[in-house]
Every structure is written in structure tokens, then in C-alpha cells.
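Treat the numbers as computed from the prediction; the structure is a model and nothing was measured.
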Amino acid sequence: EFIVYLQPKYSTVDEKIVGAEALIRWKHHERGLICPNDFISVFESNGFIVKIDFFVLEEVCKCIKSWIDDGIEPVVVSVNLSRVHMYDSNLVDEVVSVVDKYGVPHELIEFELTETIIFEELEHLIEVMKKLKSAGFVLSMDDFGSGYSSLNMLRNAPVDTLKIDRFFLDEIMATDRGKIIVEASVRMAKQLGLAVIAEGVETQEQLDFLSSIDCDIVQGYYYSRPVPVNEFEIFMEKHR
């Protein structure tokens, strides 16, 4: 009953699709399509989230493999990793095993880790992240601005991408001082050699502002909701 949707990520330079985030949906036989907010926390508490995350990773690998086989230039697809994985000493080996089963280049898989995880498990998580990086995967810190560990994390964790939280963006955009904070965050990330992506972009005003401060990538309803894989492939064809 689980389905993987993809939400495209667009370059602010030329508005081409440069990636996607894989998101789970539950097509319940009685309740219809259920969004993650209604079940992820339950699955995190009972441990089922581990199977869900690996299901998503496997579906993403199948998708990328099909693009490569069909001669379609693939894009990097990001997959979320729950905090539950951080306690699995075999995580990296298990991830590598799944990706290699489909012959997908590791650099086409990006793992998103939330700021909350990093705050709670910083030292242990950094070791896990180093192993994932050594294996060739791309790493992103999700939900930047939603907690208090951001700056400490940036100093220590080997991430490639900084993802500005949608709620942070919504509230910050409301004031001039807030815009200064976002701009400073983007500038700091660039000086650290990180790419910057903003999620939850819904208006032309937000897009124009993010473009003006050199944010690299945006995703959000302004361009597209998360869509089934076949619809995402139509987007890819159109925007290329």
C-alpha cells in the first residue's frame, strides 16, 4: 500500500530540474491516500520506519536504474533517514548493499538528516555521516533553522547541502530583519562550501528573494507538489 512520490528540485539560475526528494505516501485500502504527517511518528515509535526508509531507498534505486537504462540523464534523489537508523551499526553496509544491487552510482543518492537528529546524536551521527561520505553518498542537513544545534552542527558535521526549513522561511520572510538572517545563513553556508536549498517555496516573492541572495536550489508548491514517478518524469522531460 506504500507508494514513493518525488518532489522536484529546481535550480534558481535556469529553473531546470536538478534533483528530487523521495517522499512516502500510504494508499490505504479504506482511508485513501494518507500523508506522512499522519503516520511517520507512529512508525518511528514502533520501529517500522526502518523498513519504510529502506523501501523508499530501494524504489529510488529502481527508478534511477530505469532512467540510466533508458538513456535519460538521472538526477540526484534525496532519501530521508530516520533517527532510528542511527542505532544500527550496520547501517552503512546495508545502504551500500541496496544501492549496489541496482548498480546505481552512489553520488546519485543523497541522504537527508534532520537537525533534530543531529542535536540529539551529534558525536555518534558524525561518525555515521563520515562513513556515508566515504562511501560516496551526498549528505544534506534538513530543517535548518528549526532548532538550536545548527551552528554547532555546521562546525562539525561533513554535510554537502544545507536545507532551509519551510517554517523558518515562512516566518523569516515576514520581516526585513528576518530576511537578513536568511541571507546571512546562505552566505555563511556558501563560505563553508555548501550548496543551499530552500524547501516550502510557494510564492514568486519567495523565489525572487531566494534567487537574489544566491540560494542554489528551491523546492515547493510554487513549482510542484510531490508527484508519482511517472509525472515527475514528464516534468524532467519538459524542463530539459
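- Side chain of Gln7 to backbone of Ser224: a donor-acceptor contact under 3.5 angstrom is found.
- A continuous path of Ile, Leu, Val, Met, Phe, Trp and Tyr side chains, each step under 4.5 Å between heavy atoms, connects Tyr222 with Met236, placing both in one hydrophobic cluster.
- Following chains of ILVMFWY side-chain contacts shorter than 4.5 Å, one cannot reach Tyr221 starting from Leu207, and the two form parts of different hydrophobic clusters.
- A donor-acceptor contact shorter than 3.5 Å is absent between the side chain of Asp70 and the backbone of Ile72.
- Residues Val95 and Phe54 have side chains in contact (heavy-atom distance under 4.5 Å, counting atoms from C-beta outward).
- Hydrophobic clustering (side-chain heavy atoms under 4.5 Å, transitive across Ile, Leu, Val, Met, Phe, Trp, Tyr) groups Phe209 together with Tyr10.
- The shortest distance between side-chain heavy atoms of Ile213 and Lys179 does not fall below 4.5 Å.
- Here the straight-line distance linking atom CZ of Arg25 with atom CZ of Phe39 works out to 7.5 Å at 0.5 Å rounding.
- His28 and Arg31 get closest at one heavy-atom pair: ND1-N, 3.1 Å.
- Glu231 contributes no side-chain N or O that, together with a main-chain N or O of Pro228, makes up a donor-acceptor pair within less than 3.5 Å.
- Residues Thr161 and Asp216 form no side-chain contact, since every pair of their non-hydrogen atoms from C-beta on lies 4.5 Å or further apart.
- You'll find the side chain of Ile68 reaches within 4.5 Å of the side chain of Pro105, heavy atoms only.
- Contact check for Trp67 versus Val77: side-chain heavy atoms found under the 4.5 Å cut-off.
- Val96 and Leu132 end up in the same hydrophobic cluster when Ile, Leu, Val, Met, Phe, Trp and Tyr side chains are linked at under 4.5 Å.
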### Message
Please determine whether side-chain hydrogen bond (donor to acceptor under 3.5 Å, both in side chains) holds for the pair Tyr102 and Glu58, giving the CA-CA distance in whole Å, both sets of side-chain angles, and the decisive distance to 0.1 Å.
### Response
CA-CA 9 Å; Tyr102 294 94; Glu58 188 135 8; 2.5 Å; yes
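- To the nearest 0.5 Å, atom CD of residue Glu127 and atom OG of residue Ser89 are 13.5 Å apart.
- Between the CD1 atom in Ile180 and the OG atom in Ser185 there is a gap of 11.5 Å [rounded to 0.5 Å].
- Pairing each heavy atom of Ala20 with each of Val75, the nearest pair is N-CG2, 4.5 Å.
- Counted within 6.0 Å of NZ on Lys190, heavy atoms from surrounding residues, nucleotides or ligands total more than 12; the atom is thus considered enclosed.
- Ser97 places no side-chain N or O within 3.5 Å of a backbone atom of Glu94 that could act as its donor or acceptor partner.
- A donor and an acceptor atom, one from each side chain of Lys9 and Ser78, are located under 3.5 Å apart.
- Val196 and Cys215 make their closest contact through O-SG, 3.6 Å (heavy atoms, listed as atom of the first residue, atom of the second, distance).
- Contact check for Asp214 versus Arg187: no side-chain heavy atoms found under the 4.5 Å cut-off.
- Side-chain atoms of Ile24 and Phe55, non-hydrogen and from C-beta on, do get closer than 4.5 Å to each other.
- Of all the heavy atoms in Thr12 and Ser211, the pair that sits closest is CB-OG, 3.7 Å.
- Remark: Lys27 NZ to Ile34 CD1 distance equals 12.5 Å, nearest 0.5 Å.
- Shown here for Ser82 and Glu44, the closest heavy-atom pair between the two residues is OG-OE2, 3.5 Å.
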### Task
Start with the C-alpha gap between Val50 and Asp88, add the side-chain angles, then the distance that decides, and say whether side-chain contact (heavy atoms from CB on, under 4.5 Å) holds.
CA-CA 10 Å; Val50 171; Asp88 181 3; 5.8 Å; no
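- Nearest heavy atoms, Glu107 versus Val76: O-CG2, 3.7 Å.
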### Query
Could you walk me through whether Val159 and Leu113 pass the side-chain contact (heavy atoms from CB on, under 4.5 Å) check?
CA-CA 9 Å; Val159 295; Leu113 302 153; 5.9 Å; no
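- Ion pair Glu21/Lys163 flagged as a salt bridge, since at least one NZ, NE, NH1 or NH2 atom sits closer than 4.0 Å to an Asp/Glu carboxylate oxygen.
- One hydrophobic cluster, built from ILVMFWY side chains closer than 4.5 Å, cannot hold both Leu23 and Phe111; they sit in different ones.
- Going from atom CD1 of Ile17 over to atom CD of Glu73 covers 12.0 Å, rounded to the nearest 0.5 Å.
- Between the CG atom in Leu210 and the CD1 atom in Ile217 there is a gap of 12.0 Å [rounded to 0.5 Å].
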### Task
Evaluate the side-chain contact (heavy atoms from CB on, under 4.5 Å) criterion for residues Asp53 and Val79: first the C-alpha distance (whole Å), next the side-chain angles of each, then the deciding distance (0.1 Å), finally the verdict.
CA-CA 8 Å; Asp53 285 350; Val79 177; 5.6 Å; no
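- Side-chain contact between Tyr223 and Val201 is absent, with no heavy atoms from C-beta onward closer than 4.5 Å.
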### Task
For Leu108 and Val99, run side-chain contact (heavy atoms from CB on, under 4.5 Å): C-alpha distance rounded to whole Å, both residues' side-chain angles, the deciding distance at 0.1 Å, then the answer.
CA-CA 10 Å; Leu108 291 177; Val99 177; over 6 Å; no
